[in-house]
Amino acid sequence: MSHKYDEIVKHLTAAFAEMRRIGLADVVAKGGVGEILLAHNRGHELIASDKGADGKDSSDNRFEYKVSITDQFNFHFGTREEKEPPEEKVKKHFDGLKGALCAKREGEKIKRIVFVPTESLVPYLTDHFSDTEGKQLNKNFRFDGLLAMKDAIELKP
């Protein structure tokens, strides 16, 4: 008995098999589709881990990826804790990263990309969290907020 999703499932099955073959495991579980598209767009390689960087370039520069279908990019660092203050969490998260690549996609196409260097993003986030009291360490950006940061640049998709 056929189903209207038969072709989609066939393509997804092939995609999952290829991801396993090249060692990506199940990266599509947490926004991996956007990460694959962004890595491909930038000529990067994904890093198959849920900690630290999402992708790296040919010079081994490592990046945080944020890919959205809207103009919103969520940076979440867990809960506020005394044993590990927000400043430490943010610095630890971005240690060794060149910066964040925030991209908007429409379907399979990357339409817009903003790069924010770690040197600008970390102080911004630590200042933000020092001025808030919420239990969740979460900051949502739009493109205009990202571009307002020092040395942030818009890249050609």
To the nearest 0.5 Å, atom CZ of Arg80 lies from atom CG of Asn138 at 11.5 Å
Q) Just wondering, do Lys91 and Val122 contact through their side chains at under 4.5 Å, heavy atoms? A) yes
query: Looking at side-chain heavy atoms only, is the closest gap between Thr132 and Lys139 below 4.5 Å?
result: no
Scanning both residues in full, the closest heavy-atom pair of Ala103 with Ile113 reads CB-CG1, 4.0 Å
- Query: Considering residues, nucleotides and ligands other than His76, do more than 12 of their heavy atoms fall under 6.0 Å from its NE2?
  - Reply: yes
In this structure, CG of Leu137 is separated from CD of Glu87 (nearest 0.5 Å) by 12.0 Å
| query | Would you call Glu7 and Lys10 a salt bridge, taking side-chain N to carboxylate O under 4.0 Å as the test? | reply | yes
Considering only heavy atoms from C-beta outward, does the side chain of Thr79 approach that of Gln136 to under 4.5 Å?
yes
message: Between Lys4 and Asp6, does any side-chain N to carboxylate O distance fall below 4.0 Å?
response: no
Discussion item. Quick one, Leu38 and Asp54 - any side-chain contact, counting heavy atoms below 4.5 Å?
Written reply: no
Could you see if Val67 belongs to whatever hydrophobic cluster contains Met19? Use Ile, Leu, Val, Met, Phe, Trp, Tyr and a side-chain cutoff under 4.5 Å. yes
**Asked** Under 30°, 30 to 60°, or over 60°: which ring-plane class applies to Phe141 and Phe75, parallel, tilted or perpendicular?
**Response** perpendicular
By side-chain hydrogen bond (donor to acceptor under 3.5 Å, both in side chains), Glu18 pairs with (sequence neighbours left out) Arg21
On a heavy-atom basis, the closest approach of Phe129 and Pro86 is CB-CB, 3.7 Å
With side chains defined as the heavy atoms from C-beta onward, is the minimum distance between Leu121 and Glu64 less than 4.5 Å? no
Leu147 reachable from Met149 in the ILVMFWY side-chain graph, under 4.5 Å edges
yes
Closest non-hydrogen atoms of Thr118 and Pro123, given as atom of the first, atom of the second and distance, are O-CD, 3.9 Å
Quick one: does Asp71's side chain have a donor or acceptor within less than 3.5 Å of a partner on Arg142's backbone? no
Please tell me if the side chains of Lys98 and Asp57 come closer than 4.5 Å, counting only heavy atoms from C-beta onward.
no
So salt bridge (Lys or Arg N to Asp or Glu O under 4.0 Å) across residues 124-136, not counting sequence neighbours, yields none
Next on the checklist: With clusters defined by side-chain heavy atoms of hydrophobic residues (ILVMFWY) lying less than 4.5 Å apart, directly or transitively, does Leu125 cluster with Val114?
Outcome noted: yes
Report task. Please confirm whether the backbone N or O of Lys150 pairs with a side-chain atom of Ser120, one donor and one acceptor, at under 3.5 Å? Result -> yes
On a heavy-atom basis, the closest approach of Leu37 and Gly107 is CD1-O, 3.7 Å
Verdict with reasoning, Arg42 to Phe63, per side-chain contact (heavy atoms from CB on, under 4.5 Å):
CA-CA 11 Å; Arg42 304 315 304 166; Phe63 301 90; over 6 Å; no
So CD of Glu88 and CG of Asp95: to nearest 0.5 Å the spacing works out to 12.5 Å
- Would a hydrophobic clustering, with Ile, Leu, Val, Met, Phe, Trp and Tyr connected at side-chain separations under 4.5 Å, put Ile36 with Leu101? yes
To the nearest 0.5 Å, atom CG of Asn41 lies from atom NZ of Lys156 at 10.5 Å
When rounded to the nearest 0.5 Å, the distance separating CZ of Arg105 from CD1 of Ile69 is 6.5 Å
Heavy atoms of Cys102 and Phe143 approach each other most closely as O-CE2, 3.7 Å
pair His44-Tyr65: side-chain heavy atoms closer than 4.5 Å
yes
CZ of Arg62 to CD of Glu45, rounded to nearest 0.5 Å, is 9.0 Å
Lys89 and Glu81 ion-paired at < 4.0 Å:
yes
Cluster question for you: counting only ILVMFWY and a side-chain heavy-atom cut-off of under 4.5 Å, with indirect links fine, are Leu46 and Phe115 together? yes
